[in-house]
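As the structure is a computational prediction, the values presented were derived from the model and not from experiment.
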Amino acid sequence: DDMFHVNHHADFDATNLGAKFTISAWFKIDSTISNEWNFLITKNDAAGGDNTRPYALVYNGNSNYLRFYIGDGSGVNNISSSADSITKDCWHHVAVTFNDTNDDLIMYLDGKVLVENLSFTRQVSTASSGDHSFSIGGLRTNSSGSGSNFFKGNICDVRVYSDDLDGDTEISVLSSKINPDISLGA
């Protein structure tokens, strides 16, 4: 039940990330995970609903897939990998790139396109951000509340860029192992 939490900072707001952004991380799912929704990365909200949470990368433990969504206060748009698409007890690199100009939302797993929507539109051009926190490894429904929906496993090297990194070149560099000794993690 560990979670890293950053109080509100404008750099993590969807509006400040702008029309292009990339979110990436290394993760390893524990083989005993069974919770339905496990939050890897999220920009939190006050109300706790998906539609008021500006963005989130989540893992579904029941069906073994990843989902990334953007909320605007009244609804969400998302992309999801297919069921049983993630190997447990194994390090993976995930990256999500968004380009509002081209309407592209692409999720990469281990340097390869996992799922893409090339006609993706946010609910509104400035997804809700508010004065709320940013979390890694769990969900926090407000700036002073407790956490929930903890990710069971490991997460490291989380990065947030205010640009959509070039999929073929930069994503493959990000997904390359830093340390070739697998016993030490990613």
Side-chain angles (χ1 to χ4, degrees), residues 3 12 14 17 19-45 47-100 102-125 127-129 134-141 148-155 158-161 164-165 167-168 171-172 174-175:
M3 178 177 75
F12 295 114
L17 287 175
K20 297 178 181 182
F21 63 81
T22 299
I23 297 174
S24 75
W26 281 92
F27 70 98
K28 180 181 177 184
I29 301 166
D30 188 288
S31 65
T32 63
I33 199 167
S34 61
N35 303 14
E36 183 174 11
W37 297 112
N38 302 268
F39 283 75
L40 280 85
I41 302 168
T42 186
K43 174 70 173 159
N44 298 298
D45 67 334
D50 290 346
N51 62 331
T52 58
R53 196 169 298 115
Y55 58 85
L57 177 62
V58 297
Y59 171 75
N60 184 297
N62 291 343
S63 299
N64 191 29
Y65 67 89
L66 289 170
R67 170 177 284 170
F68 181 81
Y69 66 81
I70 297 175
D72 73 343
S74 63
V76 296
N77 280 349
N78 70 78
I79 59 172
S80 298
S81 64
S82 58
D84 296 320
S85 57
I86 312 299
T87 305
K88 295 179 181 178
D89 280 329
C90 180
W91 281 101
H92 295 283
H93 180 263
V94 62
V96 177
T97 63
F98 176 68
N99 183 318
D100 197 26
N102 297 338
D103 293 331
D104 295 346
L105 183 64
I106 304 171
M107 184 185 302
Y108 297 86
L109 185 68
D110 301 329
K112 297 180 179 155
V113 173
L114 181 63
V115 61
E116 63 185 353
N117 182 337
L118 302 180
S119 58
F120 185 90
T121 56
R122 287 201 243 187
Q123 296 286 340
V124 291
S125 60
S128 61
S129 285
F134 176 85
S135 296
I136 299 168
L139 171 65
R140 193 163 176 172
T141 55
S148 65
N149 296 82
F150 298 107
F151 181 79
K152 190 171 182 181
N154 303 93
I155 302 171
V158 173
R159 298 177 186 204
V160 179
Y161 298 92
D164 64 329
L165 300 182
D168 294 334
I171 297 298
S172 64
L174 282 176
S175 65

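- Side chains of Ile86 and Tyr59 form a contact here, defined as non-hydrogen atoms less than 4.5 Å apart.
- Between Leu66 and Val94, the closest side-chain pair of non-hydrogen atoms falls below 4.5 Å.
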Go through the steps for His93 and Asp110 under the test side-chain hydrogen bond (donor to acceptor under 3.5 Å, both in side chains), then give the verdict.
CA-CA 5 Å; His93 180 263; Asp110 301 329; over 6 Å; no

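- In this structure, Asn99 and Ile106 have side chains that are not in contact, with every pair of non-hydrogen atoms separated by 4.5 Å or more.
- Summarising the geometry, atom OG1 belonging to Thr97 is positioned 4.5 Å from atom OH belonging to Tyr108; distances are rounded to the nearest 0.5 Å.
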Trace of the side-chain hydrogen bond (donor to acceptor under 3.5 Å, both in side chains) decision for Tyr69 with Arg67
CA-CA 7 Å; Tyr69 66 81; Arg67 170 177 284 170; over 6 Å; no

Please step through side-chain hydrogen bond (donor to acceptor under 3.5 Å, both in side chains) for the pair Ser119 and Asn117, ending with a clear verdict.
CA-CA 6 Å; Ser119 58; Asn117 182 337; 3.3 Å; yes

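- Ring geometry for Phe21 versus Phe98: interplanar angle of 30 to 60°, hence tilted.
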Give the intermediate values and the outcome of side chain to side chain contact (heavy atoms under 4.5 Å, CB included) for residues Leu105 and Val96.
CA-CA 7 Å; Leu105 183 64; Val96 177; 3.6 Å; yes

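- The heavy-atom pair separating Asn149 from Trp37 by the smallest distance is ND2-O, 3.0 Å.
- Side-chain contact check for Lys88 versus Ile33: some heavy-atom pair is nearer than 4.5 Å.
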Please lay out, stage by stage, how Leu139 and Phe150 fare under the test side chain to side chain contact (heavy atoms under 4.5 Å, CB included).
CA-CA 7 Å; Leu139 171 65; Phe150 298 107; over 6 Å; no

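- Looking only at side-chain heavy atoms (C-beta outward), Lys20 and Asn102 stay at 4.5 Å or farther from each other.
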